[in-house]
Amino acid sequence: MSAFDAAAMKARKNEGETPIIAYQGLVKNFGLLQVLKGIDAHVNRGEVVCLIGPSGSGKSTMLRCTNALETITGGTVLFDGEPLPSDDKVRFVRRRMGMVFQSFELFPHMTALANVMSGPTTVLGMPTAEARDKAMGLLSKVGLADKAESYPSQLSGGQQQRVAIARSLAMDPQVMLFDEPTSALDPETIGEVLNVMKTLADEGMTMLVVTHEMSFARRVADWVMVFDRGQIIEEGPPAQVFDAPLTDRARDFLSHLGWSG
Amino acid sequence: MTYDWSVVWDHRFEFLNGVWVTIILAVSVMAMSIPLGIGVMLLRQCGIKALEVIATVFVEVFRNVPLLLLVFWAYYALPRLTGASLSNVETGVIALLLNVTAYNSENFRAGVNSIRKGQLEAGLSLGMSWSQAMRKVVLPQAIRRVVPVLASQWVSLFKGTSLVSAIAVADLAYVGLHLRGSTFRVLEILTALAVIYWVLAYPQAKLVDWLHRKYGAQE
């Protein structure tokens, strides 16, 4: 480890405390294809960690392993120091992690408000009136209080994704997982979603974000991990990864995107 | 050859009784087969191997046996196998129910499979259990999507109830066939029978078309 690395490591938020998420030798195979080849990494409380890298490099798979939407082939995922349960009890851990999908996955048969209420009422048994107040507050937070009674099909992509973020926040998660949240959006609505995410980051939310939005990662992330072919080839603070990448492959990847620092 | 249509009018109350029994049969069988069909469908993908196999065997057996044969089987074999003594109507309902439940479970399975996986995952990621995610997220969408198919199933059941006349359940078909024998006005009675079935089924078929348009091509 170079002196620069050591200095950067030291600079990580809450380094030394139990990480909120840790991966130890995480392996994931899809049939004969090894998608994750033994990942060791962690996310500290209060950090915004961005996962970048070429499509198919394993970023989304790692994110999905984090809340057990994929079963893992080998290694361990620890949440708050505890390995993820391999049985149905994993749902108690999922409650503490919000997940935002590339394709929004709002429930089309429910209004925006009902979508946001669905977690607290179904999972926590929160009384309807209380859940409604909470959901309205969250819709205001993402700027969509006036769309509470709209159905997803009546909303733009950016609006749907903001409702999806509100829906995840309704569970008061300790971590938010974002799986390419802007990849399915029209260019003009990407900004509104990134702004909501930036606000969350500023409020101190711990976030793990798979993204192709390099300027977002550069601006908002505390820590960046670069994936390639199922491995993390480089990680560090954004200033280092974007402006002075240590590995040729990371440099290649960034230059292919036209990133010039 | 002279026709005597008055024979139909003279027996109008018998026909009406038959219509009533047919409606009761169809409604009760459909009402039970929907929850049972959902139950069998859920068993087929519940993750417990033994239950999945039992449910699959149930579906494949009762979907692939001719309904008439099933009616006879329920009539002759079921009492021996179970020791229960059932009325003819109960036997008819059971036979129809076995068949329609098997079909409906397949209808619902197709509906559930048509809902993309991300919907279930979105429910799970909120911390819902599998059954909560099914109940709150997947099934409401799947049922909506299956409505037109259920409607077709209903029309087919409505006409299929006529097979229970084979075990002397006094439905519309049985009444007709009985009157044919007692009055010897074969042409008049059978024509009346066909007309009554058509008059009852045609509006339903139109309703199915309407449901197809309303729910058929919707995301």
Side-chain angles (χ1 to χ4, degrees), chain A residues 60 63-64 66-70 87-110 114-126 131 151-154 160-161 163-179 184, chain B residues 34-35 38-39 41-52 107-151 211-219:
Chain A
S60 287
L63 198 76
R64 291 168 56 80
T66 309
N67 68 352
L69 288 182
E70 300 290 349
D87 58 6
D88 194 38
K89 289 194 181 58
V90 77
R91 70 181 194 271
F92 296 108
V93 185
R94 285 192 183 124
R95 288 179 189 181
R96 300 159 66 189
M97 294 187 254
M99 175 99 173
V100 175
F101 298 85
Q102 181 178 346
S103 47
F104 328 133
E105 301 300 349
L106 288 183
F107 307 137
H109 57 301
M110 300 182 192
N115 265 278
V116 180
M117 290 169 64
S118 63
T121 53
T122 306
V123 177
L124 305 176
M126 187 184 281
Y151 283 87
S153 59
Q154 300 165 318
Q160 290 188 54
Q161 193 61 299
V163 173
I165 292 172
R167 180 177 67 179
S168 291
L169 290 174
M171 294 296 290
D172 291 323
Q174 291 168 275
V175 185
M176 285 287 285
L177 311 175
F178 292 87
D179 189 6
Chain B
I34 286 175
I38 292 176
M41 177 273 292
L42 290 175
L43 281 185
R44 283 191 78 175
Q45 44 200 79
C46 69
I48 301 165
K49 201 73 200 156
L51 292 177
E52 290 182 4
N107 292 337
F108 283 116
R109 197 159 72 105
V112 164
N113 289 344
S114 78
I115 307 299
R116 61 172 189 272
K117 198 164 154 250
Q119 286 285 304
L120 179 67
E121 292 181 344
L124 293 178
S125 75
L126 287 171
M128 292 182 191
S129 64
W130 184 80
S131 59
Q132 284 172 331
M134 273 308 215
R135 215 167 53 236
K136 298 282 180 173
V137 177
V138 178
L139 279 178
Q141 298 180 59
I143 288 170
R144 228 181 133 79
R145 211 166 276 193
V146 166
V147 162
V149 189
L150 288 183
L211 287 169
H212 265 288
R213 281 197 303 277
K214 184 163 163 51
Y215 292 106
Q218 209 172 50
E219 161 58 357

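First the proteins, then the strands, lettered A, B, ... as listed; each starts at 1. Heavy atoms only: backbone and side chains are in, while hydrogens, waters and symmetry mates are out.
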Novice: Of all the heavy-atom pairs spanning B:A122 and A:R167, show the shortest one and how long it is.
Specialist: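 Between these two residues, the closest heavy atoms are CB-NH2, 3.6 Å.
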
Novice: Quick check: closest heavy atoms across A:N67 and B:S125, and the distance to 0.1 Å?
Specialist: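 Reported closest heavy-atom pair: ND2-CB, 3.7 Å.
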
Novice: Is there side-chain contact between A:P108 and B:Q119, with at least one heavy-atom pair below 4.5 Å?
Specialist: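 A side-chain contact exists here, since the closest heavy-atom pair is under 4.5 Å.
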
Novice: Measure A:S118 against the heavy atoms of chain B and call it side chain, backbone, both or neither at under 4.5 Å.
Specialist: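 Its backbone and side chain both get close to chain B.
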
Novice: At under 4.5 Å between heavy atoms, what parts of residues 93-103 of chain A are in contact with chain B? List them by residue number.
Specialist: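 Within residues 93-103 of chain A, the residues that come under 4.5 Å of chain B (heavy atoms only) are A:R94, A:R95, A:M97, A:M99, A:F101, A:S103.
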
Novice: In terms of heavy-atom pairs under 4.5 Å with chain A, which of B:E121, B:R135, B:K136, B:Q132 leads?
Specialist: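 The answer is B:E121.
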
Novice: Looking at chain B, which one of A:M110, A:H109, A:R64, A:M171 has the largest number of heavy-atom pairs inside 4.5 Å, strictly under?
Specialist: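 Counting heavy-atom pairs under 4.5 Å, the top option is A:H109.
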
Novice: Might you point out which heavy atoms bring A:L69 and B:L124 nearest each other, and give the distance in Å?
Specialist: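 Closest pair (atom of A:L69, atom of B:L124, distance): CD2-CB, 4.4 Å.
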
Novice: Which atoms of A:L124 come close to chain B, meaning under 4.5 Å heavy atom to heavy atom: side chain ones, backbone ones, both, or neither?
Specialist: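 A:L124 has no heavy atom closer than 4.5 Å to chain B.
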
